[in-house]
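Working notes, structure below.
Side-chain atoms are counted along with the backbone in the values below, which use heavy atoms only and exclude waters and symmetry mates.
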Amino acid sequence: MNMGLAITLIILALLVGAVAGFFGARAYMKKYFKDNPPVNSDMMRAMMVQMGQKPSEKKLHQMMSAMKAQQAKQEKK
């Protein structure tokens, strides 16, 4: 009986650890991407130049605002 109990406890501990690790990693990545967005204004400017557009500050600001609004909308879901 002791061997069966030990195996059950080991499996239970692995499952709890996997679930806790998943949610911990998820929370960490959400915080990381909130603090360090993957696209900044310099990257956006470079992309616009590559597409043949002249990047004005107004256009860059509009695009960054739209991206932040989209990100905030996704966080509320």
Side-chain angles (χ1 to χ4, degrees):
M1 183 67 176
N2 288 337
M3 184 61 110
L5 181 63
I7 292 173
T8 304
L9 288 176
I10 290 171
I11 292 172
L12 183 65
L14 286 173
L15 289 175
V16 169
V19 170
F22 171 77
F23 285 108
R26 182 174 176 247
Y28 173 77
M29 290 307 292
K30 277 187 171 183
K31 182 181 180 305
Y32 178 81
F33 283 126
K34 184 178 179 185
D35 294 341
N36 303 308
V39 178
N40 59 20
S41 60
D42 293 331
M43 291 175 152
M44 190 72 68
R45 181 177 284 120
M47 287 180 356
M48 289 176 74
V49 168
Q50 288 176 352
M51 291 187 296
Q53 298 179 5
K54 184 173 182 180
S56 66
E57 288 300 318
K58 181 180 178 183
K59 201 170 203 181
L60 281 172
H61 183 68
Q62 286 175 343
M63 290 177 73
M64 291 302 290
S65 297
M67 287 178 61
K68 286 181 183 179
Q70 181 71 23
Q71 192 176 34
K73 184 178 177 183
Q74 288 180 350
E75 285 179 4
K76 287 185 179 181
K77 286 184 178 181

Open item on the list: Among residues at least two apart in sequence or on other chains, which ones pass side-chain contact (heavy atoms from CB on, under 4.5 Å) with Tyr28?
Closed with: Tyr32
TODO: Drop me the distance from Lys59's NZ to Met48's CE, to the nearest 0.5 angstrom.
DONE: 4.5 Å
- [ ] Using side-chain contact (heavy atoms from CB on, under 4.5 Å) as the criterion, list what pairs up with Lys31, not counting sequence neighbours.
- [x] Asp35
Task: Point-to-point distance, once rounded to the nearest 0.5 Å, from CD of Gln71 to CE of Met64 - done: 9.0 Å
Task: Atom pair CG (Leu5) and CD1 (Ile10), whose distance is rounded to the nearest 0.5 Å - done: 10.0 Å
Open item on the list: Hydrophobic cluster membership, with links at side-chain heavy-atom distances under 4.5 Å among I/L/V/M/F/W/Y: are Val16 and Val19 in one?
Closed with: no
Open item on the list: Let me check something: do Phe22 and Leu14 share a hydrophobic cluster, defined by ILVMFWY side-chain heavy atoms less than 4.5 Å apart, either directly or through other members?
Closed with: no
Open item on the list: Test of understanding: clusters of I, L, V, M, F, W, Y form through side-chain heavy atoms closer than 4.5 Å, transitively. Do Val49 and Met47 belong to the same one?
Closed with: no
Task: Glu57: partners by side-chain contact (heavy atoms from CB on, under 4.5 Å), with sequence neighbours left out - done: Arg45, Leu60
Task: Hphob cluster co-occupancy, Leu15 + Ile7, side-chain heavy atoms under 4.5 angstrom - done: yes
